[in-house]
Amino acid sequence: MPVPLASYTSRLPLKLPSPSNIYTRVHPTSHRPQQSTAQHSDEPDKRLQRTDRRHTLHFTGRSDRRMAPVVERAPFLPTGEATLRPSFVRDEDERPKVAHDRFSDEVPVISLHGIDDARRTEIRDRVAAACEGWGIFQVVDHGVDAALIAEMARLSRDFFALPAEDKLRYDMSGGKKGGFIVSSHLQGETVQDWREIVTYFSYPVKARDYGRWPDKPAGWRAVVEQYSERLMALSCKLLGVLSEAMGLETEALSKACVDMDQKVVVNFYPKCPQPDLTLGLKRHTDPGTITLLLQDLVGGLQATRDGGNTWITVQPIAGAFVVNLGDHGHYLSNGRFKNADHQAVVNGESSRLSIATFQNPAPDAKVWPLAVREGEDTILEEPITFTEMYRRKMARDLELAKRKKQAKADQLKQQLQQEAAPAAAPTKPLNQILA
Ligand SMILES: O=C(O)CCC(=O)C(=O)O
């Protein structure tokens, strides 16, 4: 997923930036952070330091790099500090617009009771309407055991409470697939997410690497395994309904996924000193088919359906799963169903936990609309593999991040030039000049 990152599938061919090596390492207490490409120092040259409202920017002091801002990176989530470090501060246009606990009931809540018989048609129609409107809905009465859900959430919280060295045994930086990492973010992005994650690749079973599944807290592996299995079953059920909602045979979406991948990402968002300036997880769509998100009751999942102009905070419901349609689902429906545009915000009062289960097609599965309605063009120009779809998404995201960074640097350069320019001579009225 970050990103998009957080939601990334396993088993990509290695030509791509792989999901794990696009995580940028941010070290916990005892380690030093990776150096930025430009000069980085804990003791910046004070003569060249400039503070604006959002960032403390250090300049390299070398003429060729003088204009390149170096944002100081935090070595770990600095939860005990009164102000937010610059590396977490987002541009104004990216900051939260709605409070984490101003809940909206706009996202439909659908009971799956009777999904296999009496209520199937009704459920199918409600799912279709939700996907056309938001690309998001919540499901209750889904059949996943409440005790299993509670245990999964409890053990996940316990994992994040482990001492740093226990979590670091599963440190994911440097290209490892699955494990723990602080504040993963897209390469090329300067701003960090305010979160920790633990993630594991659970399907296909033959690709599981149990060596990357944390063995603490005790009992967690077994619960994780069971949870993954139940969520795979629920996802297949939902894909069946979604296929029917597209007017296709029940198995159509599962078949299009070939051998479905599943990846689970547990997000932990600690309390944040200045939540209005940052995000737990930046705005994104998930690349896969669907994502099932379990969240606690704190609130923080936000969605937009007008390109980011307005946002809502999804009402948390105990034991419910939020279902997000991903890019793959969006393409397969030829754009009829929206890919959920969402982000996670944090708060200053309590930490928050969410568990995202990403259901993705196999890397070489073909991405091409399955249902094209009369009069419609296909939204893709040619069939591509899921790997290629993901590569294009990453390239777009990186390009956007690059352009944004450049625009900021240009703006700053202009500002500095204006400040450095000698004040223009005051213009005197003609009669005074001639006097
Ligand atoms: O924590 C949340 O509410 C959102 C998580 C999410 O979007 C993700 O993991 O991709």
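Every number for a ligand or one of its atoms is a count from 1 in the order of the listing.
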How does N324 reach ligand 1, if at all, at less than 4.0 Å between non-hydrogen atoms: by side chain, backbone, both, or neither? neither
Part of L301 within contact of ligand 1 (heavy atoms, under 4.0 Å): both
Ignoring hydrogens and geometry beyond distance, is a side-chain donor-acceptor pair present between S243 and K255 at under 3.5 Å? no
Under 4.0 Å from one or more heavy atoms of L293, ligand 1 contributes atoms 2 (C), 3 (O), 5 (C)
Number the atoms of ligand 1 from 1 as they appear, then name those within less than 4.0 Å of a heavy atom of F358, with their elements. 8 (C), 9 (O), 10 (O)
Ligand 1 contact by Q343, heavy-atom criterion under 4.0 angstrom: no
Test item, V265 contacting ligand 1 (heavy atom, 4.0 angstrom): no
D209 and K177 ion-paired at < 4.0 Å: no
Ignoring angles and geometry beyond distance, decide whether R195 reaches within less than 3.5 Å of ligand 1 through its nitrogen or oxygen atoms. no
Close-contact set for ligand 1 against A344 heavy atoms, below 4.0 Å: 1 (O), 2 (C)
Has Q302 got any heavy atom lying under 4.0 angstrom from an atom of ligand 1? no
Is R208 positioned over the aromatic face of F201, cation under 6.0 angstrom from the ring centre and no more than 45 degrees off axis? no
Find all atoms of ligand 1 within a distance of less than 4.0 Å from any non-hydrogen atom belonging to R352, and give their numbers and elements. 1 (O), 2 (C), 3 (O)
For ligand 1, which atoms sit closer than 4.0 Å to a heavy atom of A356? 9 (O)
Check for me whether H342 has a heavy atom closer than 4.0 Å to any atom of ligand 1. yes
Whether R120 side chain and I115 backbone form a donor-acceptor pair below 3.5 Å: yes
Polar side chain donor-acceptor pair, N324 to T291, under 3.5 angstrom: no
Do the non-hydrogen side-chain atoms of L325 and I290 ever get within less than 4.5 Å of each other? yes
Cationic N near anionic O, under 4.0 Å, D397 to K393: no
Hey, are R396 and E399 close enough for a salt bridge, meaning a charged N less than 4.0 Å from a carboxylate O? no
Between D364 and T385, is any side-chain donor less than 3.5 angstrom from a side-chain acceptor? no
Ligand 1 atoms in contact with Y269 (distance to a heavy atom under 4.0 Å): 1 (O), 2 (C), 4 (C), 5 (C)
Heavy-atom contacts under 4.0 Å between D286 and ligand 1: side chain, backbone, both, or neither? side chain
In ligand 1, the atoms that come under 4.0 Å of a heavy atom of L281 are 5 (C), 6 (C), 7 (O), 8 (C), 9 (O), 10 (O)
Which ring-ring contact (aromatic ring centres under 6.0 Å, His included) pairs, counting each pair once, include a residue from residues 242-272, with sequence neighbours left out? F160-F268
